[in-house]
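These notes are about the structure you will find just below.
Side-chain atoms are counted along with the backbone in the values below, which use heavy atoms only and exclude waters and symmetry mates. All chains are named by letter (A, B, ...) in the order of the sequence lines, taking the proteins before the strands, and each is independently numbered beginning at 1.
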Number of protein chains: 2
Amino acid sequence: MSVPDITMMRIMGRWQGGASERLREAALGLFTTQGYDGTTVAEIAAAAGLTERTFFRHFADKREVLFVDQDEFERAFLGGLPESGDDPMALISGVLDGAATLFPEERRPWSRARQAVIIANIALQERELLKLSSLAFALTRALTSRGVDAASAALAAESAVTVFRTAFAVWVADGEKRTFADIQYSVFSRLRALLR
Amino acid sequence: MSVPDITMMRIMGRWQGGASERLREAALGLFTTQGYDGTTVAEIAAAAGLTERTFFRHFADKREVLFVDQDEFERAFLGGLPESGDDPMALISGVLDGAATLFPEERRPWSRARQAVIIANIALQERELLKLSSLAFALTRALTSRGVDAASAALAAESAVTVFRTAFAVWVADGEKRTFADIQYSVFSRLRALLR
DNA sequence: CCTCGCGATGTCAGTCCCTGACATCACTAT
DNA sequence: ATAGTGATGTCAGGGACTGACATCGCGAGG
C-alpha cells in the first residue's frame, strides 16, 4: 500500500526517500523468511539501506514496524461511525459495516501473510491486543461524545471490537471464501442471539 | 497471599527459601515507589537477596513478576464452570458467579495497589491484555468441551471476560464500595440489555 | 558418619533492544 | 552563495535476557 511518490521524496531528506515504507517491507519479508525472533533490527535496517538508529526514529520499537498501518486503520474504523444517532446498537452496527469495507478481497492475501507472522510470535499478539484495546477505547470515547452513557459505551465498544476481531480471524483463515461483511454479519448475529 | 511454610522451605534449596515470593514482594514495592521503568531487575533481585540471573529463572521476563498470580487465578476462574450443561449463557453466568468469590473485600486494597502500578505503564497493560486473552481462550476450550459449538463458545468466552474485566475496573476504582458480585451482575445485565 | 547426587543459586560473557548526544549530509529559502 | 532545516549517520552506553559452567546446601544411600 502507498508507495512513496515524487512529492514525498522531496520532503524525505537523504537518498531515495520512503525510508519508513522500505523498512516496513524489509521487516515483513525478513520476519516471514527467518521469523521475528530470528531477525535483528540491524538486519532490517541494512536490508532497507539504513541504520539501526534510523529504524528507531521511525518506529517506537521493533514490534511497531508491523503495526503502524493499524493507526491509520483506527482512524478509518472510527470514520465509519454514523453521523448522528445515540442508540449504541445502531452506532456499532454502522461502524462494523464501515469496517467491512476496509477489507476488500484484494487485501486478503496481504492480511494473511501479516497474520501468519503475528500468530507465530506471542510478543506480536500482545501488541495486536494492545492496538485493539486502544481501538475499543477510542470507540468508547466516540460513543460517549454521541451521548451514550459511559458504561454502555464501553460495553458496546468492546463488543464491536470482539465481533470485528472474531470476524477477521475467520476471514484470514485457510480456505475461507466468504466476504468480510458476510462473516462479520453472521458473527454479530450469533453474538446477539447468544446474549438473550 | 501464600507465605512459604516450613514444608516449602525444605525443597527450596539455598538459604531462606521462598525466593519467588520474596522477588514478587520486592518488585511490587519497588514498582510502587520508583515506578516500573525506574526499577531494574538487578535492584529487585538485590532487594530480595538474590541475583539478576536467579530472577530470570523464576520469571520469564521482568513484567511476569506481576502476573504469576494470574496463572493460578485462571485455574480458579475455570474451576467456577458448572459441572454440567451445554447452554453457553448459563455456563458463563456460572463462571462469572464463581469469579466474583475470588475477589472478597479483603483483597481490594491489594488489587488497587497492583492495578495502580499496571495502569501507570503501558507495557504492563499489554501483558494484562495477553493474560485476559489467554483466559478467554481457555474458557473457549472449556465451553467447546461441554458441547458448545466453536463460534458460540468463542463469543461467549470473550463476552464473559469483557464483563469480568469491566467489573474489575469498576471494583478497584477510587471510592467504589459495592461488592464485586454486585458490580459484575449489573455490568452483565447492561451488556445483555444492550445487545437486543 | 561419609559421600554422592540433585536442585537452586552464583558467576561470567555475550547478544540484542533501545536511547541520548553530537556530527553530517541533502535540500530549500532567501 | 549561504544559512537553516530535517533526515540520517556515528558512537557510547544502559538494561533486558540467555547460555555455559561453577558452587553450594540438603537429602539419600552406603
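For A/Tyr36 and A/Arg57, each mapped to the nucleotide of DNA chain C holding its nearest heavy atom, the one lying further toward the 5' end belongs to A/Tyr36.
Each of B/Phe67, B/Phe168, B/Phe103 was evaluated against B/Phe73; a single residue qualifies, B/Phe103, per the ring-ring contact (aromatic ring centres under 6.0 Å, His included) test. Of the candidates B/Gln184, B/Glu176, B/Arg165, B/Val170 forms a side chain to side chain contact (heavy atoms under 4.5 Å, CB included) with just one, namely B/Glu176.
Set against D/dA16, D/dT8, C/dC17, the side chain of B/Val41 has D/dA16 as its closest nucleotide. The nucleotide whose nearest atom lies closest to any side-chain atom of A/Thr51 is, among D/dA16, D/dG9, C/dC12, D/dG9. Among D/dA20, D/dA16, D/dT8, the nucleotide with an atom closest to any side-chain atom of A/Leu50 is D/dT8. Closest to the B/Phe56 side chain, of the nucleotides D/dA16, C/dA21, C/dC17, is D/dA16. Checking D/dG9, C/dC16, D/dG15 against the side-chain heavy atoms of A/Thr54 singles out D/dG9 as nearest. Of the candidate nucleotides C/dT9, D/dG19, D/dC17, D/dG19 has the atom nearest to the side chain of B/Arg53. Considering only the side chain of A/Glu52, C/dC17 comes nearest among C/dC17, C/dA21, C/dG10.
Computed from coordinates, the A/Leu124 CG to C/dC17 P distance equals 12 Å when rounded to whole Å. Atom CG of B/Asp61 and atom C1' of C/dC18 are 16 Å apart (whole Å). Atoms CZ (B/Phe55) and C1' (C/dG10) sit 17 Å apart, rounded to a whole Å. Following rounding to the nearest Å, B/Arg63 (CZ) and D/dA16 (P) show an atom-to-atom distance of 12 Å. The distance from atom CZ of A/Phe59 to atom C1' of D/dA7 is 14 Å, rounded to the nearest whole Å. Spacing between atom CD1 of A/Ile44 and atom C1' of C/dC18 amounts to 13 Å, rounded to whole angstrom units. A/Glu64 places its CD atom 10 Å from the P atom of C/dC18, with the value rounded to the nearest Å.
Under the 4.0 Å criterion applied to side-chain N and carboxylate O atoms, B/Glu105 and B/Arg108 are assigned as salt-bridge partners. Under a 4.0 Å N-O distance rule, the pair A/Lys131/A/Glu128 does not qualify as a salt bridge.
The backbone N or O of B/Arg192 sits nowhere less than 3.5 Å from a side-chain atom of A/Arg196 that would complete a donor-acceptor pair.
A/Ala42 comes within contact range of no nucleotide atom at all, as no heavy-atom separation falls under 4.0 Å.
Between A/His58 and D/dT8, a side-chain N or O to OP1/OP2 separation shorter than 4.0 Å is present.
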